[in-house]
Amino acid sequence: MRTSWADLAANSAAENAAPDSSANNVGAGSTLAPTRPVYVPPHLRNRQPSAESPAPAYGGPSSGTGSSSGAGNSGSRWAAPRNDYRSGHGGSGGGGGGGRTGGWGNRSGGWDRGREREVNPFGDEDNAEEAFSELENTGINFDAYEDIPVETSGENVPPPVNTFAEIDLGEALNQNIRRCKYVKPTPVQRHAIPISLGGRDLMACAQTGSGKTAAFCFPIISGIMRGQPVQRPPRGVRTVYPLALVLSPTRELSMQIHEEARKFSYQTGVRVVVAYGGAPINQQLRDLERGVDILVATPGRLVDLLERARVSLQMIRYLALDEADRMLDMGFEPQIRKIVEQMDMPPPGVRQTMLFSATFPKEIQRLASDFLSNYIFLAVGRVGSSTDLIIQRVEYVQESDKRSHLMDLLHAQRANGVQGKQALTLVFVETKKGADSLEHWLCLNGFPATTIHGDRSQQERELALRSFKSGNTPILVATDVAARGLDIPHVAHVVNFDLPNDIDDYVHRIGRTGRAGKKGLATAFFNDNNSSLARALADLMQEANQEVPAWLSRYAARSFGGRNRRSGGRFGSRDFRREGSFSRGGSDYYNAGNSSGGGYGGSGGYTGGYGPGVTSAWD
DNA sequence: AAAAAAG
């Protein structure tokens, strides 16, 4: 065992010494010098390496299940032809930077040393987390998944699957699915996974909490495992060539995705590395050097790594954008375009691209279509009903009364709380300064609070989140940095102390509660400053079968709508490609009569109702 | 206008 790995290391060093120009000589299938490193496909990396037949032995007989859990004994099924992400490879427009596609076929630099130290991601949970996860995995209402409305559009949409078993993900991945206690796929998984496995690009609208992380991770991991080994051009000694890139808009969300992806890829040999700002780059560089198949990153740090030439996107086969609408809004778009279009990433059609978000305004869809090729649009309603799970309230509160009003809520909540403990309450404010000052004031008044926002150090941010999750500090005051994607179990109450200007942000914020099948409460403080949101808010609540205060309806009637008209619909915005050709204006193609465009509500919707919001335990 | 993301 050791000898082979020692060889790999030695060969790797040899490769590093090779002149750059050698890249031109390693066409697909050409024989390489015997001293070059042997590529070990990810799914074989946990086995005892055998001296012969390094690469193509997919799912070979269970010769080496030497390490604990049988990675890859699914036998001949793995010999099936993979879904080739670039069928026209030789002449297909060249990968990214141009001209360097020569070596895509075979073998690679081996960076497989050190893999034996893989930490069991299922073993190192927080204790608090563990206690909860028991509860977590019981009360799932699977029946609620049966009639989730789903809409797909695009050419030749692969049919959905009903079980994980009928998807050929491979034994190692299946085992991780069991470890995660996933029993059956969520709706977004049922649809998205076959689409991705079929090699298709995807734009998916699905609520966080609907299992979308797994929906894009499973096909990526599986695809990397079954994929042909690739040649990593020896461009620079320390440059790494990930095969998949997952981008997310906040550091904490990247961390969360990384943690999940690590679980899914445990003992598959597929390596996941995370890179984000605010943390020392050195550890991240070391992680990268140990090898990376899937890179999870925030845009800023990734650009840094690209500019230092520590990462190349040349070999990217899979690109996933989480919270894609956020990634493409005004603040982020240039950075994303730089990464996706101006570095060395293969173009659409060569790589496979997946975009996920709970909200997808059609202007953003238009931007996003630049990144996609012949994609499938998927809209999945939420599980169950927000009527059941998230109760939304709006209260008219003057600016000057907000603090005392919040205090009243917190007092009442504490009185009702179990064992006198304060239920987890997430308070959203507009500004970072406002967050600090509200936190300070809450603490002064006997409510243990902490805060998370972009002016805090990364260490402080992570501490705040942990402290909140553990219940140590049951009140978290946050800016929109915490609005999206974060899975914080057991948030009982989301308070919109300051309402956002954009209804989509409201949707994301309240989605932090009512998760994992638990009930949630969302309270908003509304006053004249928020009048531009009145219409959208009233519509949204109406569609979710929430009680809309009469005063809010009056505001809504008076308001001029503005940018918040929600023309595109809410959850699972409609595919903008169809909108153009069929129905313009407000009336919608999928659902005549739901003219306010909402997918949010209970009655309209694609196949009889965009199941109003709910969540699964699987995110 | 604010927030996020590089240092």
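Throughout, a chain's letter reflects where its sequence line sits, starting with A, and its residues are numbered from 1. Everything numeric here is computed off the predicted structure, so don't read it as measured data. FYI, side chains are in, hydrogens and waters are out, and symmetry mates aren't considered; it's all heavy atoms of this structure.
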Note to self: Using a 4.0 Å heavy-atom cut-off, does A:Q335 contact any base of the nucleic acid, only the sugar-phosphate backbone, or nothing at all?
What the structure shows: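 Result for A:Q335 = base.
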Margin query: Just to be sure I understand the rule, does A:G331 reach a base, reach only the sugar-phosphate, or reach nothing, if contact means heavy atoms closer than 4.0 Å?
Written below: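 Base, at least one base atom sits under 4.0 Å.
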What's the [atom1]-[atom2] distance between [X] and [N], to the nearest Å?
X      : N     : atom1 : atom2 : answer
A:D329 : B:dA5 : CG    : C1'   : 12 Å
A:I452 : B:dA3 : CD1   : C1'   : 13 Å
A:I336 : B:dA4 : CD1   : C1'   : 11 Å
A:L328 : B:dA4 : CG    : P     : 19 Å
A:N529 : B:dA2 : CG    : C1'   : 14 Å
A:D480 : B:dA1 : CG    : P     : 17 Å
A:M327 : B:dA4 : CE    : P     : 15 Å
A:L247 : B:dA4 : CG    : C1'   : 14 Å

Note to self: Quiz question: going by heavy-atom distance under 3.5 Å, is there a donor-acceptor pair between the base of B:dA3 and the side chain of A:D505?
What the structure shows: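 In this structure, the two groups form no donor-acceptor pair.
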Note to self: Assess whether a salt bridge exists between A:K402 and A:D498, defined as any Lys/Arg side-chain N lying under 4.0 Å from an Asp/Glu carboxylate O.
What the structure shows: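 So A:K402 pairs with A:D498 through a salt bridge.
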Notebook entry, point to check: Is it true that A:D304 and A:R308 make a salt bridge, defined as a side-chain N closer than 4.0 Å to a carboxylate O?
Noted result: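 The answer is yes: the pair qualifies as a salt bridge.
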Margin query: With heavy-atom distances below 4.5 Å as the criterion, would you say the side chains of A:E289 and A:R286 are in contact?
Written below: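 The answer is no, as the side chains (C-beta and beyond) never meet within the 4.5 Å cut-off.
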Check: Does the side chain of A:Y396 reach to within under 4.5 Å of the side chain of A:P549, using non-hydrogen atoms?
Finding: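 Contact flag for A:Y396/A:P549 side chains = no.
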Next item on the list: Would you mind telling me which of B:dA3, B:dA5, B:dA1 lies closest to the side-chain atoms of A:T479?
Entry: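 The closest nucleotide is B:dA3.
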Note to self: Of the options B:dA1, B:dA4, B:dA5, whose atoms approach the side-chain atoms of A:R326 most closely?
What the structure shows: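 Selected nucleotide: B:dA4.
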Are [X] and [N] close enough that a side-chain N or O sits under 4.0 Å from OP1 or OP2?
X      : N     : answer
A:T431 : B:dA1 : no
A:R461 : B:dA3 : no
A:K433 : B:dA2 : no
A:R251 : B:dA5 : yes

Checklist line | Which residues share a ring-ring contact (aromatic ring centres under 6.0 Å, His included) with A:H405, sequence neighbours left out | finding: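 Listed in chain order: A:F525.
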